[in-house]
Amino acid sequence: MSQSSAPYFEALCAYAEVPRAAFHTPGHIQGKGAHPDMRAAVGDRMLSLDISPGLGNMDGVPGSALDRAQELAAEAYGADRTWFLANGSTLGNQVMVTAVCHPGDTILTSRNTHRSIISALMMGGVRPVYIPAELDPESHIAHGVTPAQVEANLAAHPEVRAVLIVSPTYYGVCSDVAGIAEAAHRHGVPLLVDEAWGPHFPFHPDLPPHALSQGADMAVAGAHKLLSAFLQASMLHVQGDLVDHARVEVVNRMLQSTSPSCLLRASIDVARMQMATEGEALLSTAIELAEEARARIEEHPLLSCLDKRLIGSHGVVAFDPTRLSVNVISTGYTGYDVERMLFDDHAVTMEMADYANVLANVTMGHSRSDLDQFVDALHAIADKPSAHQLDAQGFVERALYEVPEQVMSPGEAFHASQERVRLADAVGRISAEMAATYPPGIPVVVPGERLTPALVAHLTAQVAAGGRIVGPQDPKLDRIQVVCE
Ligand SMILES: Cc1ncc(COP(=O)(O)O)c(C=O)c1O
């Protein structure tokens with residue numbers, strides 16, 4: 001099989017070529033029963049490819065098109081086995097945790113982890129030991145974790161069953177995966193890497209090395225995030241014998257829909273082919289555009305960008321130049337303000353904003369004019385700074401960068417009997433729910449943690465500053481679920 005073929009995509013197109021009286025899902029029957037508005041919007045061709053996943057030789061038979069496509073992806077990423085995931089990297093994290101840990105097991109992970117990892121712990125009854133996040137005083141962001149931190153925690157907690165890190169972070173910052181893998185393996189436990197933001201790493205020499213090449217045992221690659229695959233597409237890779245491959249297969253089938261979208265799977269297959277055959281050229285252009293934009297943005301005295309100068313600071317060994325993160329706090333506007341002004345006044349849409357930063361993804365889909373529009377808009381905003389003096393340092397430091405007291409495991413607290421109290425009255429109570437600012441989806445509070453005055457103040461300030469909080473039953477977070485003690 002060649003990396004320039006896309007067997008799943010090809011089989012899907014071939015299936016749809018043959019006219020059939022079809023009696024299977026989805027109910028629109030290859031578009032024939034679709035609403036005319038939908039047909040007009042997405043086109044008959046796309047609808048004809050939206051078929052049930054088990055047809056013909058697509059899946060579920062030896063040597064199926066899916067098997068062959070996943071083998072090609074495994075080869076491209078240097079994995080022993082790869083699964084296409086139809087429920088995003090969220091599913092990948094859930095599969096990794098569930099395949100490796102049993103209820104009551106302990107996992108070592110960083111505190112600035114993604115909420116999908118915390119929800120996997122909640123569902124699986126797994127206890128976290130956290131590596132505290134260290135805040136970078138300039139960017140106001142927490143970056144990587146170090147092998148020394150992992151080693152020290154593994155020595156202190158011999159019960160740890162696996163290490164799970166996020167690398168790169170949302171902002172493109174990579175930890176020393178090789179050093180962390182060595183530490184984990186010295187203690188006989190696997191390293192699982194949430195590499196949702198690094199699916200392009202294997203395909204360009206100027207990008208950070210990808211997790212499997214650094215010795216990780218499992219890695220999740222978010223195919224929809226920075227490759228051309230459709231939304232919700234992701235991949236899970238496994239190598240070596242510290243993880244039971246057969247169990248991963250079973251857990252994946254358990255947690256994934258029994259009707260994963262064929263279009264979505266085909267888009268992963270083609271995205272892999274695109275990267276394997278043209279990735280270096282396409283990514284060279286993306287890197288060049290991002291670097292040029294970064295240099296232009298920095299010409300403005302009130303704007304600064306994350307870049308490779310970060311390498312060597314706490315936990316940081318590599319940086320993805322295609323992640324364009326701009327610190328706007330000196331303009332007197334928050335990242336949330338700037339994101340809104342870019343959207344409302346300049347027709348520019350960001351990947352995300354936090355209190356101090358806005359973040360743009362730069363991919364093979366961009367042209368120089370897109371980047372020029374973004375940079376010009378940023379300069380126009382920064383040319384009219386707000387009179388406010390914003391204290392990002394104080395704002396962020398009040399937050400989660402000390403691990404709160406964990407009174408119960410996330411799962412125990414989530415399932416415990418609970419009551420709803422006003423957030424202002426919740427200091428000292430054990431949270432029964434997760435509250436994460438979104439994006440980036442890093443939990444401020446995890447179920448089972450005792451709410452401190454600093455945490456409550458931070459959550460209140462986040463809501464007031466325009467941050468979106470996800471997780472709690474009350475989206476405005478006037479009230480929070482706490483454990484009845
Ligand atoms: C680090 C990280 N992991 C996992 C996810 C979940 O990915 P998905 O949205 O594909 O489920 C995200 C989403 O932003 C993320 O930032």
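Just so it is clear, the values below take in all heavy atoms, side chains as well, and ignore hydrogens, waters and symmetry mates. Read the numbers this way: they start at 1 and go in the same order the structure lists the ligands and their atoms. Remember, it's a predicted structure, so these values are computed and weren't measured experimentally.
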For this session: Take Arg253 and Glu249, measure what salt bridge (Lys or Arg N to Asp or Glu O under 4.0 Å) needs, and give me the verdict at the end.
Result: CA-CA 6 Å; Arg253 287 202 183 272; Glu249 166 75 22; 2.8 Å; yes
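Atom 8 (P) of ligand 1 has its closest protein heavy atom at Ser89 N, 3.5 Å. Nearest to atom 13 (C) of ligand 1 among the protein's heavy atoms is Lys225 NZ, 3.0 Å. Of the protein's non-hydrogen atoms, the one nearest atom 12 (C) of ligand 1 is His114 NE2, 3.2 Å. What sits closest to atom 16 (O) of ligand 1 on the protein, heavy atoms only, is Trp197 NE1, 2.8 Å. Nearest non-hydrogen protein atom to atom 11 (O) of ligand 1 is Thr90 OG1, 2.6 Å. For atom 3 (N) of ligand 1, the closest heavy atom belonging to the protein is Asp194 OD2, 2.6 Å.
Rounding to the nearest 0.5 Å gives a distance of 9.0 Å between CG of Asp194 and OG of Ser110.
Contact atoms of ligand 1 toward His224: 8 (P), 9 (O), 10 (O) (distance under 4.0 Å to a heavy atom of the residue). Near Ala196, meaning under 4.0 Å from one of its heavy atoms, ligand 1 places the atoms 2 (C), 3 (N), 4 (C). Of all atoms in ligand 1, listed by their number and element, those nearer than 4.0 Å to a heavy atom of Gly88 are 10 (O), 11 (O). Against a heavy-atom cut-off of under 4.0 Å, Ser116 is close to the following atoms of ligand 1: 4 (C). Close contacts of ligand 1 with Val166, meaning ligand atoms under 4.0 Å from a residue heavy atom, involve 1 (C). Close approach to Asn93 involves these atoms of ligand 1, each under 4.0 Å from a residue heavy atom: 3 (N), 4 (C).
With no hydrogens or angles considered, a side-chain donor-acceptor pair links Ser284 and His204 at under 3.5 Å.
Looking at Leu91 against ligand 1, nothing comes within 4.0 Å, counting heavy atoms.
Judged by distance alone, with hydrogens and angles left aside, the side-chain atoms of Ser431 form no donor-acceptor pair with the main-chain N or O of Pro447 at under 3.5 Å. Asp105 places no side-chain N or O within 3.5 Å of a backbone atom of Val126 that could act as its donor or acceptor partner.
Electrostatic pairing of Arg111 and Glu449 counts as a salt bridge here, judged by a charged N lying under 4.0 Å from a carboxylate O. Salt bridge absent: Arg468 and Glu339 never bring a charged side-chain N and a carboxylate O closer than 4.0 Å. For the pair Glu71 and Arg68, the salt-bridge criterion is not met [side-chain N within less than 4.0 Å of a carboxylate O]. Using a 4.0 Å cut-off between charged nitrogen and carboxylate oxygen, Glu351 and Arg323 do not count as a salt-bridge pair.
Contact between Gly222 and ligand 1 is absent, with no heavy atom of the residue lying under 4.0 Å from the ligand.
Side-chain atoms of Leu227 and Gln274, non-hydrogen and from C-beta on, never get closer than 4.5 Å to each other.
In terms of polar-atom proximity, Tyr170 is not counted as a contact of ligand 1, lacking any N or O under 3.5 Å from an N or O of the ligand.
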